[in-house]
Asker: 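Okay, handing you the structure first.
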Amino acid sequence: MQFSYSWLKTQAHTHLSADELAHLLTMAGLEVEETESAAPAFHGVVVAEVKSVEKHPDADRLNITQVDAGTGELIQIVCGAPNVKAGVKVPCALPGAVLPGNFKIKPTKMRGQVSNGMLCSTDELGLPDDGVDGLHILPADAPVGQNIRDYLDLDDTVFTLKITPNRADCLSIKGLAREVAALTGCPFMPPEIQTAAVQSAKKQAVRIDAPQDCGRFLSRVVENVDAAAPTPDWMKQRLARSGIRSICALVDIGNYVMLELGQPMHVFDADKLTGSLAVRRARAGETLACLNEKTVTLAENTLVVADERGVLSMAGLMGGEASAVSDGTQNIVLEAAWFAPEIIAGKSRQYGFGSDSSFRFERGVDFELQCGAVERATELVLQICGGAAGEIVEAVGSLPERGSVAVRTARVEKVLGVAVDEARIQTILAALGLQPEKMSDGLKATSPSFRYDIEIEADLIEEIARVYGYENIPDDATSGRLKMPVLPETRRSRFAVYRQMAARGYQEVVSYAFVDEAWERDFAANDRPIRLQNPLAAQYSVMRSTLIGGLVEILQNNLNRKQNRVRVFEIARVFGKDSDGRFVQHERLGGLVYGAAYPEQWGAADRAADFYDVKGDVEDLLGSRAVSFVKAEHPALHPGRTAEIVSDGRIIGFIGELHPQWLQKYGLPQAPLVFEIDMAAVLSTQKTAYRPVSKFQPVRRDLAFVMAEAVSHDDLLAALKRIDNKLVQDIAVFDVYRGTGLPEGMKSMAVKILLQDDEATLTDETVEPLMAQMIAAAAAAGARLRG
């Protein structure tokens with residue numbers, strides 16, 4: 001919400017400076033994002049009237065003007081603007097003036113002619129572009145000699161507020177003025193709305209076919225208007241300082257009323273309408289050519305305003321081109337309505353465009369404001385464009401019911417920690433329009449039509465705190481002991497996981513849970529993802545079932561910024577459905593590694609990170625858990641370089657290299673390695689087991705086995721570990737051989753077996769039978785002892 005401070009002060013007569021008001025509003029929950037001056041600093045510019053214009057004798061594009069700047073005598077100024085002529089009033093920078101950019105004005109000669117000043121355009125004064133090629137032409141009644149900053153109110157301040165969704169009542173000058181008056185105690189002076197005299201018998205019939213979606217629908221015909229009448233400068237200025245450009249008088253009036261009172265309005269060309277206006281849901285296949293030059297096919301959950309021929313506008317969102325006013329319009333229909341916020345919410349995202357109207361309707365507009373807004377718009381139309389007004393025609397649907405909420409004085413003190421007397425509470429609530437009434441233990445307030453967020457006692461206490469001033473509530477330190485429970489031995493803290501990932505060189509990232517549907521197809525082979533009803537944008541239309549898409553996008557961003565070594569991880573939730581079709585969510589830890597295995601250095605040769613580097617990271621992360629890596633396939637990963645992570649017979653994750661087809665699609669120079677693990681498995685650990693250190697010599701036996709390529713490392717170790725003997729301390733593969741001396745399709749694995757007894761020195765009589773069992777177990781798995 002952007003607004004002009006000088007406009008606000010017409011309704012709230014406060015004497016606070018702009019900085020003081022910004023602080024006050026922010027402390028009251030209406031965050032001021034920015035304040036800026038309406039115009040840059042300059043001085044020495046006044047209103048002047050051009051008395052005469054003559055061609056410069058030595059320059060085709062220059063004119064010699066005689067100007068009355070209120071000094072008592074005419075001033076000669078040489079001017080090259082194409083629109084200079086006798087009788088116009090313009091800004092004039094006199095000698096000694098300093099314009100924006102520290103441009104100093106002094107007497108000079110231009111092609112031999114003396115020029116004692118400068119006639120100015122809007123650009124030269126640092127003002128918004130008025131679309132005029134040349135001087136900024138002022139109204140004919142501008143007082144000659146007046147300082148231009150005073151005349152154009154250029155010492156004004158423009159505020160930009162960050163209004164929270166529950167404070168739709170502050171999306172207008174009237175609402176903000178009410179808030180400022182409550183906070184400061186200054187007079188609140190909303191505009192006096194005059195009831196227009198009915199001078200036309202013409203009416204526009206209206207009806208509501210969707211009463212749950214539209215609570216009130218009003219129309220008024222105004223005949224014989226001058227649609228080409230110019231918008232007054234004061235209205236253009238207020239619109240511009242509110243971030244809205246001037247279009248034409250009739251459209252500007254609708255926008256002005258919306259900003260002033262908070263009621264969005266629409267103006268139809270009455271001669272382009274057929275029959276009565278109806279508010280209804282769109283029908284299948286209906287289309288609308290909108291004012292923003294887009295043609296949309298309307299969904300059946302969209303509320304529209306239509307006549308007997310078809311749809312005229314998307315209710316609360318955008319008007320249609322076919323019924324829009326133009327310079328040739330003679331008769332108009334002013335329309336104002338109250339739409340339920342639920343029916344407007346999400347439509348901006350659904351259709352890919354929004355409007356100031358939808359921004360207000362989806363947050364909630366005052367449902368008693370429509371008649372006053374039509375009267376105010378009528379007043380301005382008659383004042384600017386002329387015409388004759390007809391009667392207001394109204395249709396009523398289902399309107400919200402206002403309820404009362406009680407607030408106890410003792411409860412206010414208990415919640416806020418400070419005593420606020422009942423009289424002060426009553427004054428605060430009354431200033432906010434909450435109509436307080438006394439009760440035995442406090443006050444009862446009635447929720448006004450412009451406040452949708454007053455439902456329970458805590459809401460009233462929050463209002464009291466805001467206006468009373470958070471800075472006036474003492475900040476008492478709490479006292480007491482805080483005892484943190486100890487985690488069970490089989491579970492480690494989340495912070496330990498974060499620290500461990502950081503220690504392995506990974507950086508944490510955070511990505512959206514809403515993802516592009518293509519990511520789900522590519523990285524999860526998910527053709528039926530969970531769809532969002534109201535996505536933030538088209539590329540965030542479904543819920544993720546894997547973290548890979550977000551990690552790949554982060555990798556792309558890093559590569560675009562010339563970061564060639566990337567190690568990132570994310571701990572977040574993924575979403576899916578169980579066998580019964582119910583929504584479920586699981587927390588996962590996902591990681592991605594790209595580029596060199598080590599940072600650039602002199603102590604190690606440069607090489608790319610590979611599967612085994614990341615496998616080592618995963619094994620370190622899972623710590624004492626016994627895990628195995630089983631060859632598998634995954635839609636996102638290379639078919640020959642992918643493994644499932646298995647623990648206690650359960651698949652807890654996967655690891656592998658990104659599939660080559662996705663490298664091409666997502667523009668990656670080389671394949672990253674990714675993994676994803678169930679967070680519950682990461683957080684759980686094996687209970688620590690303690691054993692004495694043996695004082696007897698260990699025995700090592702090395703065995704080399706020949707086996708088919710299909711027999712994996714895990715197959716061999718699993719077979720050997722099935723020999724359950726307390727003497728076996730460790731079994732590990734230390735060499736793999738392929739080549740000369742071995743049949744084709746065979747390989748050799750050398751295994752070390754470490755044996756040790758806690759009570760005696762091992763002898764061959766004890767070791768050899770155990771080795772025979774090991775050899776037999778390996779043979780059963782398809783591995784024979786190498787001769």
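Side chains included, hydrogens not; waters and symmetry mates left out as well; all remaining heavy atoms used. Remember, predicted model here, so these are calculated numbers, not experimental data.
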Asker: Taking it one step at a time, do Phe583 and Phe575 satisfy ring-ring contact (aromatic ring centres under 6.0 Å, His included)?
Answerer: CA-CA 7 Å; Phe583 294 113; Phe575 306 85; 9.4 Å; no
Asker: Main chain of Glu765, side chain of Glu768: is a donor-acceptor contact present, judged purely on distance under 3.5 Å?
Answerer: no
Asker: Has Tyr512 got more than 12 heavy atoms of other residues, nucleotides or ligands less than 6.0 Å from its OH?
Answerer: no
Asker: Is the number of heavy atoms from other residues, nucleotides or ligands within 6.0 Å of CD (Glu293) greater than 12?
Answerer: no
Asker: Between Phe523 and Tyr666, is the ring centroid distance below 6.0 Å?
Answerer: yes
Asker: So which atom in Ala609 and which in Val593 form the shortest heavy-atom distance, rounded to 0.1 Å?
Answerer: CB-CG1, 3.7 Å
Asker: Between Thr546 and Glu676, do the side chains contain an N or O donor and an N or O acceptor separated by less than 3.5 Å?
Answerer: yes
Asker: Is it the case that the side chain of Asp516 and the backbone of Trp519 share a donor-acceptor pair, with hydrogens and angles ignored and the cut-off at 3.5 Å?
Answerer: no
Asker: For a 4.5 angstrom cut-off between non-hydrogen side-chain atoms, does Phe654 reach Leu637?
Answerer: yes
Asker: Would you kindly say whether Arg625 and Ser647 are connected by a side-chain donor-acceptor distance under 3.5 Å?
Answerer: yes
Asker: Count the heavy atoms belonging to other residues, nucleotides or ligands that lie under 6.0 Å from CD of Gln664, then report whether that count exceeds 12.
Answerer: no
Asker: Evaluate the criterion side-chain contact (heavy atoms from CB on, under 4.5 Å) for residue pair Ile753 and Val751; output intermediate values, then yes/no.
Answerer: CA-CA 6 Å; Ile753 302 172; Val751 181; 4.2 Å; yes
Asker: Ignoring hydrogens and geometry, is there a side-chain-to-backbone donor-acceptor pair from Gln729 to Lys726 under 3.5 Å?
Answerer: yes
Asker: Does either side chain, that of Asn166 or that of Thr164, offer a donor lying less than 3.5 Å from an acceptor on the other one?
Answerer: yes
Asker: If we ignore angles and hydrogens, is there a donor and acceptor under 3.5 Å between the side chains of Thr761 and Gln697?
Answerer: no
Asker: Check the surroundings of atom CD in Glu633: do more than 12 heavy atoms from other residues, nucleotides or ligands lie under 6.0 Å from it?
Answerer: no
Asker: Does the structure place the NZ or CZ of Lys747 under 6.0 Å from the centre of the six-membered ring of Tyr737, at an angle of no more than 45° from the ring's axis?
Answerer: no
Asker: Whether Asp613 and Arg504 form a salt bridge (side-chain N of Lys/Arg under 4.0 Å from carboxylate O of Asp/Glu) is what I want to check.
Answerer: no
Asker: Can you find a side-chain donor-acceptor pair between Gln556 and Arg561 that sits under 3.5 Å?
Answerer: no
Asker: Look at the side chain of Arg565 and the backbone N and O of Ala596, then say whether any donor-acceptor pair between them is shorter than 3.5 Å.
Answerer: yes
Asker: Donor-acceptor pair, distance only, cut-off 3.5 Å: does the side chain of Asp580 make one with the backbone of Arg582?
Answerer: no
Asker: Restricting to non-hydrogen atoms, name the atom on Pro769 and the atom on Thr766 that form the minimum distance, rounded to 0.1 Å.
Answerer: CD-O, 3.6 Å
Asker: According to ring pair (Phe, Tyr, Trp, His ring centres under 6.0 Å), who are the partners of Phe339, at least two apart in sequence or on a separate chain?
Answerer: Phe361
Asker: Check whether any side-chain heavy atom of Arg700 sits under 4.5 Å from a side-chain heavy atom of Leu754, and report yes or no.
Answerer: yes
Asker: Closer than 4.0 angstrom, basic N to acidic O: yes or no for Asp764 and Arg701?
Answerer: yes
Asker: If you take all heavy atoms of Asn301 and Lys347, which pair is closest and at what distance?
Answerer: O-CE, 3.2 Å
Asker: Find the distance between CG (Asp527) and CD (Glu517) and round it off to the nearest 0.5 Å.
Answerer: 8.5 Å
Asker: Measuring from atom CZ of Phe696 to atom CD of Glu759, what distance do you get when rounded to the nearest 0.5 angstrom?
Answerer: 8.0 Å
Asker: Side chains of Ser748 and Arg786: any donor to acceptor distance under 3.5 Å?
Answerer: yes
Asker: Ring of Tyr506, cation from Arg567 - is the NZ or CZ under 6.0 Å from the centre and inside 45° of the axis?
Answerer: yes
Asker: Can you tell me if Glu587 uses its side chain to pair, donor with acceptor, with the backbone of Ala680 under 3.5 Å?
Answerer: no
Asker: Is any side-chain heavy atom of Phe569 closer than 4.5 Å to a side-chain heavy atom of Glu508?
Answerer: yes
Asker: Main chain of Ile554, side chain of Asn557: is a donor-acceptor contact present, judged purely on distance under 3.5 Å?
Answerer: no
Asker: Between Asp620 (side chain only) and Asp617 (backbone N and O only), is there a donor and an acceptor less than 3.5 Å apart?
Answerer: no
Asker: Kindly determine whether Asn526 and Glu520 satisfy side chain to side chain donor-acceptor pair (under 3.5 Å), including the steps that lead there.
Answerer: CA-CA 5 Å; Asn526 185 4; Glu520 283 296 296; 3.0 Å; yes
Asker: Taking ring pair (Phe, Tyr, Trp, His ring centres under 6.0 Å) as the definition, give me every residue that meets it alongside His638, ordered by chain and number, with sequence neighbours left out.
Answerer: none
Asker: When you look at CZ of Arg607, are more than 12 heavy atoms from neighbouring residues, nucleotides or ligands closer to it than 6.0 Å?
Answerer: yes
Asker: More than 12 heavy atoms of other residues, nucleotides or ligands under 6.0 Å from CG of Leu742: yes or no?
Answerer: yes
Asker: Just do the side-chain contact (heavy atoms from CB on, under 4.5 Å) check on Ile655 and Phe629 with the steps written out, would you?
Answerer: CA-CA 9 Å; Ile655 179 175; Phe629 296 82; 3.9 Å; yes
Asker: Would you call Asp213 and Arg280 a salt bridge, using N to O less than 4.0 angstrom?
Answerer: no
Asker: Examine distances only and state if a side-chain atom of Arg360 and a backbone atom of Gly316 form a donor-acceptor pair shorter than 3.5 Å.
Answerer: no
Asker: In this structure, are over 12 heavy atoms from other groups packed under 6.0 Å from Lys631 atom NZ?
Answerer: no
Asker: Is there a donor-acceptor pair under 3.5 Å between the side chain of Asn725 and the backbone N or O of Leu727?
Answerer: yes
Asker: Does Arg363 make a cation-pi contact with Phe359, if we ask for NZ or CZ under 6.0 Å from the ring centre and within 45° of the axis?
Answerer: yes
